[in-house]
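The figures here come from the full heavy-atom set of this structure, side chains too, leaving out hydrogens, waters and symmetry mates. Just so you know, residue 1 is the first one in the sequence shown, and it goes up from there.
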Amino acid sequence: EGEHVISCYDDECVPWGNTVKGNWKFIREREYMSGCSVWNGFDFHGEPIMTWPTVNSQYGLMDICGFPKGVYHVCKSCYLEEPMVKLLPHWNWKEGENIRVIISSNCEETELFVNGKSLGRKASDCCEPNEWNVPFKWGAIEARGYNNGELVAVDIEKTAYAPKKVKVEVNKTSFVNDGNDTLILNCAVVDENGTEQI
C-alpha cells in the first residue's frame, strides 16, 4: 500500500471482499450458486481504498484504460470452455532477478518453459493458477496447456530489445464529426520485432 500499487497476482482484495480466484472457488464449491456479480469490471475514479494520492478504485478486472489485468485472465480461465493459458507477468527484467511467474488456465495441466527448457508440468486448477519462481534470463517464457495429454493452448512472453518505434492501434477506422464520437488510440513502445517495452 505504501507505493499505491496492487500486484497482478490476485493476492490482494478489499477488506470486505475476496480475491477473484477465491470468489470463483467459493462459487464452484456450491452447486446452488449459478454465478456472481463483480462490482467493478473496470477500475474507475472514486472509491479509493488507499489514501491520497490514490484517487481511484484498483480492484477491477481491467485497468482504467480498459486493458486486461491479471485477474481478468483468472476469470476467463474459470468461465471459458475453449482451452486457454495466460502467462503473468511480462518478461522484461534484470538478469538473475527472481520472478514469480503464474499461468492462469482452464486446461488439465500446464507446463512452463524458459528459453525452450521445461521447468515442469503441473496439474491445473482455474481457481489456483500454477506458479513458479524463475531467475530471469533474456529470451522467452512459454506456457503450454494440455488436455488428455495433448497440447491445446500456448502463450509466450518475450524480452524486448531496445525501443525502435511507437505502435498505435485505433478502435475503429472511421470517425463522425458530430461532437459525440470518440476515437481511442492505444500506444506502445516496441522493439524492432514488435515486442512491447514494459
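- The shortest heavy-atom contact between Ile49 and Tyr59 is CG1-CE1, 3.6 Å.
- The side chain to side chain contact (heavy atoms under 4.5 Å, CB included) check on Leu151 picks up Arg144, Tyr146, Val154, with sequence neighbours excluded.
- Heavy atoms only, all atoms of each residue included: Val74 and Pro129 are closest at CG2-CG, 4.1 Å.
- Within 6.0 Å of atom CD in Glu31, 12 or fewer heavy atoms from other residues, nucleotides or ligands are found, so the atom counts as exposed in its surroundings.
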>> Determine whether Glu108 and Asn148 satisfy the following criterion, side-chain contact (heavy atoms from CB on, under 4.5 Å), listing intermediate values before the conclusion.
In response: CA-CA 7 Å; Glu108 294 168 0; Asn148 299 315; 3.7 Å; yes

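- At distances below 3.5 Å, at least one donor-acceptor pair connects side-chain atoms of Asn106 with backbone N or O atoms of Met84.
- Between the CG atom of Asp191 and the NZ atom of Lys158 there is a distance of 9.5 Å, given to the nearest 0.5 Å.
- In terms of heavy atoms, Gly139 sits closest to Asn115 at CA-OD1, 3.1 Å.
- What you find for Val20 and Cys75 is that their closest heavy atoms are CG1-SG, 3.5 Å.
- Counting non-hydrogen atoms of neighbouring residues, nucleotides and ligands closer than 6.0 angstrom, the CG atom of Asn177 reaches no more than 12 such neighbours.
- Of all heavy-atom pairs spanning Val71 and Asp10, the tightest one is CG1-OD1, 3.3 Å.
- A side-chain N or O of Ser57 and one of Asn40 form a donor-acceptor pair less than 3.5 Å apart.
- Between the side chain of Asp178 and the backbone N or O of Asn180 there is at least one donor-acceptor pair closer than 3.5 Å.
- Judged as a salt bridge (Lys or Arg N to Asp or Glu O under 4.0 Å), not a single pair has a partner in residues 48-61 (not counting sequence neighbours).
- Clustering of Ile, Leu, Val, Met, Phe, Trp and Tyr side chains at separations under 4.5 Å places Val85 together with Leu87, Trp91, Trp93, Ile99, Val101, Ile103, Leu112, Val114, Leu119, Trp132, Val134, Phe136, Ile141.
- Sorted by first then second residue, the salt bridge (Lys or Arg N to Asp or Glu O under 4.0 Å) pairs that include residues 118-135, not counting sequence neighbours, are Arg28-Asp125, Arg100-Glu131, Glu109-Arg121, Glu111-Arg121.
- In the hydrophobic cluster analysis, where Ile, Leu, Val, Met, Phe, Trp and Tyr join through side-chain heavy atoms closer than 4.5 angstrom, Ile102 is grouped apart from Phe113.
- Applying the side chain to side chain contact (heavy atoms under 4.5 Å, CB included) test to Val152 and every residue at least two apart in sequence or in another chain returns Pro83, Cys107, Asn147.
- For the ring pair (Phe, Tyr, Trp, His ring centres under 6.0 Å) condition, no pair includes a residue of residues 178-198, sequence neighbours left out.
- Under the side chain to side chain contact (heavy atoms under 4.5 Å, CB included) criterion, Ser124 pairs with Ser105, Thr110, Asn130, sequence neighbours left out.
- Counting only heavy atoms from C-beta outward, the side chains of Cys65 and Phe42 never approach each other to under 4.5 Å.
- Sequence neighbours left out, the pairs with a member in residues 80-93 that pass salt bridge (Lys or Arg N to Asp or Glu O under 4.0 Å) are Lys86-Asp155, Lys86-Glu157.
- A 6.0 Å sphere centred on CD of Glu29 holds more than 12 heavy atoms belonging to other residues, nucleotides or ligands.
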> side-chain contact (heavy atoms from CB on, under 4.5 Å) between Lys69 and Asp43: does it pass, once the steps are laid out?
Replying inline: CA-CA 10 Å; Lys69 293 160 58 173; Asp43 288 348; 3.0 Å; yes

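- The list of ring pair (Phe, Tyr, Trp, His ring centres under 6.0 Å) pairs with a residue in residues 150-187, not counting sequence neighbours, reads Trp138-Tyr161.
- Residue Phe26 comes nearest to Arg30 through the heavy atom pair O-NH1, 2.9 Å, listed as atom of the first residue, atom of the second, then distance.
- Remark: Asp63 engages no residue in a salt bridge (charged side-chain N to carboxylate O under 4.0 Å, His left out) (not counting sequence neighbours).
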Please output the side-chain donor-acceptor pairs of residues 162-169 that fall under 3.5 Å, not counting sequence neighbours, one pair per line with the distance.
{"residue": "Lys167", "atom": "NZ", "partner": "Glu196", "partner atom": "OE2", "Å": "3.4"}

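- With sequence neighbours excluded, the residues satisfying side chain to side chain contact (heavy atoms under 4.5 Å, CB included) with Lys172 are Asp181, Leu183.
- Here CG of Asn186 is found 8.0 Å from CG of Asn171. Values are rounded to the nearest 0.5 Å.
- Using a 4.5 Å heavy-atom threshold, the side chains of Ser104 and Cys126 count as separate.
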